Amino acid sequence: MTVKTRFAPSPTGFLHIGGVRTALFSWLYARHHGGQFVLRIEDTDRERSTQASIDAILDGMHWLGLDWDEGPVYQTQRFDRYREQADRLLADGAAYHCYCSTDELDAMRAAQVAAGQNPRYDGRCRERTEPVTGVSPVVRFRTPMEGEVVIDDAVRGRVVYANADLDDLVIMRGDGSPTYHFSVVVDDADMQITHVIRGDDHLNNTARQVHIIAALGHKRPAYAHLPMILGEDGARLSKRHGAVNVLEYRDNGYLPDAVLNYLVRLGWSHGDQEIFTRDEMIELFRLEDVNPSASRFSPEKLTWLNQQYIIASPAADLIDGLAAQYRRMDIDMTNGPPLVDVVETYRERATTLAEMAESSVYVFQDFAEIDANAARKHLRGVVRAPLADVRAALAALDPFTADAIQAAIQSVADACELGFGKLGQPLRVAVTGGGVSPPIDVTLALIGRERCLARIDAALEFIDRRIAAAGD
RNA sequence: GCUCCCUUCGUCUAGCGGUUAGGACGCGGCCCUCUCAAGGCUGAAACACGAGUUCGAUUCUCGUAGGGAGCGCCA
């Protein structure tokens with residue numbers, strides 16, 4: 001039997017980082033076995049499902065390159081099927097109509113909790129034969145009251161539940177729509193899902209679902225319940241932990257492969273290896289290597305990985321993302337160097353494409369003012385003359401390349417009996433407006449001769465003003 | 001409260017009865033160096049606790065503690 005997995009998010013919000021990890025593991029498992037991966041949108045809750053969420057999920061999956069072979073399947077388009085299956089259970093006596101009102105159920109649970117009991121449906125409609133007029137009933141599944149259910153989970157091992165601890169859950173709402181527990185079971189069976197890989201918040205649900213599967217006469221799939229991803233503080237991942245929406249990572253200049261690589265190492269490992277290409281992940285992924293304990297999300301490590309990917313990626317693969325960042329910053333890229341050159345010179349000092357764009361703005365745009373600290377430290381009277389000499393040398397240079405620039409600065413430094421840095425740093429401040437940049441030669445080459453000369457002139461004027469002020 | 005799950009450096013993890021408990025992120029130091037990075041070397045840092053099983057437990061079993069999940073006409 002060929003492996004078939006699915007990712008089944010509910011479109012009630014953006015695509016969550018934890019959801020992505022679940023999707024990734026399901027996808028990897030299917031790809032590893034040369035099987036199929038299905039995307040199913042669990043939108044049975046029409047109150048909370050939105051088209052915007054569906055779009056966000058699809059966008060996120062596309063951005064990450066998690067492709068599916070079937071779907072997206074929308075559960076709202078399969079209501080007839082659920083109804084038909086529910087009718088079957090009703091006819092078999094495996095399910096029954098329940099006429100209890102929400103108020104009645106709330107009161108029942110409140111009483112149970114007050115009495116120190118486990119809140120659960122007490123089965124009061126189990127044997128009812130007469131309908132209640134004016135009430136459109138829900139359908140409840142008749143869960144066995146004795147015996148136990150055993151689940152052999154691929155990551156948890158054997159888990160046993162006493163049926164007596166389970167209650168009769170609603171499978172069809174009063175309005176005729178299915179609930180989650182029912183639609184998953186029907187869909188997984190209809191789609192012939194062989195492996196259900198999902199978050200371990202569903203582990204307890206599995207016991208209930210397994211009974212429905214049996215009542216429907218289906219074979220149950222293999223289960224693998226993945227540990228949760230918690231926030232840095234160990235609490236459940238939520239908005240207050242910063243970006244939990246994957247698309248925010250795209251917008252902040254993270255690379256999809258880096259995000260996937262980070263996520264695959266949360267709960268899964270292959271010896272000491274930290275960096276995996278997609279092909280390696282697919283080749284090496286095994287459910288046996290999934291760790292059962294929850295893990296915390298570490299933005300620092302993601303950032304480190306992202307930088308590793310920025311360093312290792314072909315420059316051509318990064319320019320679209322970098323351009324997007326410049327566009328966000330309203331920077332005109334037309335009168336600057338090719339973006340591949342920018343990538344090559346900044347890749348080792350940027351952890352994200354956003355950071356790369358921010359730290360290279362002066363390549364495309366003049367800065368408003370020189371950083372005060374850098375200016376005070378490096379644009380002093382003593383460097384006036386050497387700086388003017390460098391300016392003259394640069395003006396005469398042909399071609400204006402990093403090597404030639406390097407040689408020119410070196411010879412001026414030698415002539416003035418200055419160390420390279422004593423001249424390089426003032427030059428850096430003059431040309432970039434700050435004390436930090438890539439090596440001065442490639443920086444100047446990237447900025448271009450005209451801009452460099454104009455900025456050096458401005459710096460010389462700055463020094464002159466400073467000397468004049470000090471002289472008064 | 002009840003049921004289920006989890007527990008190795010701060011974090012992610014390796015380990016699958018005998019190891020100086022390894023790697024990675026982060027942190028400190030040194031080297032490299034025109035700044036910043038990147039890179040190299042290096043340091044500090046962990047088996048939650050208590051009983052068993054065993055010649056021997058980080059590893060197996062059971063408790064305890066701590067954390068998490070579920071207990072909806074949400075998924």
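Computed from a prediction, not measured in an experiment: that's the story for all the values here.
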For the residue pair Tyr262(A) and Tyr309(A), establish whether any side-chain heavy-atom pair is separated by less than 4.5 Å.
no
What is the nucleic acid contact for Ile440(A), judged by heavy atoms within less than 4.0 Å: base, sugar-phosphate only, or nothing?
base
Step-by-step salt bridge (Lys or Arg N to Asp or Glu O under 4.0 Å) determination, Arg78(A) to Asp190(A):
CA-CA 11 Å; Arg78(A) 289 173 46 78; Asp190(A) 284 353; 2.7 Å; yes
Tell me whether the side-chain N or O atoms of Arg428(A) pair up with the base of rC34(B) as donor and acceptor below 3.5 Å, since no angle test is needed here.
yes
Each nucleotide in nucleotides 57-70 of chain B should get exactly one letter: B, S or -. Can you fill that in based on protein heavy atoms under 4.0 Å?
------------BS
Please list, in numerical order, the residues of residues 414-423 of chain A that have a heavy atom closer than 4.0 Å to any atom of RNA chain B.
Phe420(A), Gly421(A)
Hey, can you pull the residues of residues 142-161 of chain A with a non-hydrogen atom under 4.0 angstrom from RNA chain B?
Arg156(A), Val159(A), Val160(A), Tyr161(A)
Could you measure between the two P atoms, the one in rC12(B) and the one in rA46(B), and give it in whole Å?
16 Å
Please work out if Arg109(A) contacts a base, only the sugar-phosphate, or nothing of the nucleic acid, heavy-atom cut-off 4.0 Å.
sugar-phosphate
Those residues of residues 181-188 of chain A lying under 4.0 Å from RNA chain B by at least one heavy atom
His181(A)
Mind listing the N/O atom pairs, protein and nucleotides 40-44 of chain B, below 3.5 Å?
none

Between the protein and nucleotides 20-25 of chain B, are there any N/O to N/O pairs under 3.5 Å, and if so, what are the atom names and distances?
unit_1  : atom_1 : unit_2    : atom_2 : d
rG22(B) : N2     : Asp272(A) : OD1    : 2.8
rG23(B) : N2     : Glu274(A) : OE2    : 3.0
rA24(B) : O4'    : Glu274(A) : OE2    : 3.3
rC25(B) : OP1    : Trp304(A) : NE1    : 3.4
rC25(B) : O2'    : Lys301(A) : N      : 3.3

